Amino acid sequence: VQLQASGGGLAQPGGSLRLSCAASGSSVRIAVLGWYRQAPGKQRELVVTVAATGKMSYVDSVKGRFSISRDYYKDTVFLQMNSLKPEDTAVYYCIARLAKDYWGQGTQVTVSS
């Protein structure tokens, strides 16, 4: 399984960004896909996942602001991030979960005025 993340960048507080993660490889379509993030000096935390069934799970801190979607034809997952806060600043990692976890390269999200 390979994961190619894109998007991210700099946004002002209250702004929006969109991340994409294209997955390839066997069994991707039955994998749980999602995003983790790691802020400086902090542990990596799970942000959101979407199962092959479409069931989504969000960490409380992003509920109502972030939205994950999954394109089953393109094996791509998107993370729409709205109402961004400085505390959302982190490196965001795409993940595919099967019998083990597969990680994409991180993409930096910086929220600052």
Side-chain angles (χ1 to χ4, degrees):
V1 175
Q2 292 186 328
L3 301 169
Q4 182 66 44
S6 60
L10 176 64
Q12 293 187 338
S16 298
L17 287 172
R18 189 185 194 218
L19 305 181
S20 300
C21 178
S24 61
S26 61
S27 301
V28 164
R29 293 191 176 183
I30 65 171
V32 174
L33 300 178
W35 297 90
Y36 276 71
R37 66 185 179 186
Q38 187 167 20
K42 294 188 177 181
Q43 290 188 332
R44 192 173 295 189
E45 69 166 349
L46 178 63
V47 178
V48 60
T49 58
V50 56
T53 59
K55 181 178 180 181
M56 304 172 193
S57 178
Y58 293 87
V59 67
D60 286 346
S61 60
V62 306
K63 285 181 179 177
R65 301 188 298 119
F66 289 13
S67 177
I68 192 169
S69 59
R70 183 168 180 167
D71 184 327
Y72 291 88
Y73 293 101
K74 296 182 179 179
D75 291 329
T76 300
V77 63
F78 303 94
L79 182 62
Q80 179 66 42
M81 304 183 292
N82 298 327
S83 302
L84 284 163
K85 302 177 180 180
E87 51 263 43
D88 295 319
T89 295
V91 177
Y92 283 70
Y93 297 91
C94 179
I95 184 174
R97 179 161 292 159
L98 291 162
K100 70 172 191 176
D101 291 344
Y102 298 86
W103 296 89
Q105 86 283 9
T107 184
Q108 178 70 45
V109 171
T110 302
V111 184
S112 174
S113 56

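On a predicted model such as this, the values are computed, not experimentally measured, just so you know.
Minimum interatomic distance between Ala52 and Tyr72 (heavy atoms only, all atoms of both residues): O-OH, 3.1 Å. When all heavy atoms of Val28 and Ala23 are compared, the closest pair comes out as CG1-CB, 3.4 Å. Smallest separation of non-hydrogen atoms from Pro13 and Ser113: CD-N, 3.7 Å. Nearest heavy atoms, Arg70 versus Val50: NH1-O, 3.1 Å.
Side-chain contact between Phe66 and Val59 is absent, with no heavy-atom pair separated by less than 4.5 Å. Counting heavy atoms from C-beta on, the side chains of Tyr58 and Met56 come closer than 4.5 Å. The shortest side-chain heavy-atom distance between Met81 and Asp88 does not fall under the 4.5 Å cut-off.
A donor-acceptor pair under 3.5 Å links the side-chain atoms of Arg65 to the main chain of Ser83, judged by distance alone. The closest donor-acceptor contact from the side chain of Thr107 to the backbone of Gly7 lies under 3.5 Å.
As a member of the Ile/Leu/Val/Met/Phe/Trp/Tyr network built from side-chain separations under 4.5 Å, Val91 groups with Tyr36, Leu46, Tyr93, Ile95, Trp103.
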Go through the steps for Leu79 and Arg37 under the test side-chain contact (heavy atoms from CB on, under 4.5 Å), then give the verdict. CA-CA 12 Å; Leu79 182 62; Arg37 66 185 179 186; over 6 Å; no
Verdict with supporting geometry, Lys85 and Val111, side-chain contact (heavy atoms from CB on, under 4.5 Å): CA-CA 6 Å; Lys85 302 177 180 180; Val111 184; 5.5 Å; no
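Looking only at atom types and distance, the side chain of Thr110 has a donor-acceptor partner in the side chain of Gln108 under 3.5 Å away.
Within a 6.0 Å sphere centred on CD of Gln43, other residues, nucleotides and ligands contribute 12 heavy atoms or fewer. Within 6.0 Å of CD on Gln38 lie more than 12 heavy atoms contributed by other residues, nucleotides or ligands.
Ion pairing between Asp60 and Lys63 holds under the 4.0 Å rule for side-chain N and carboxylate O.
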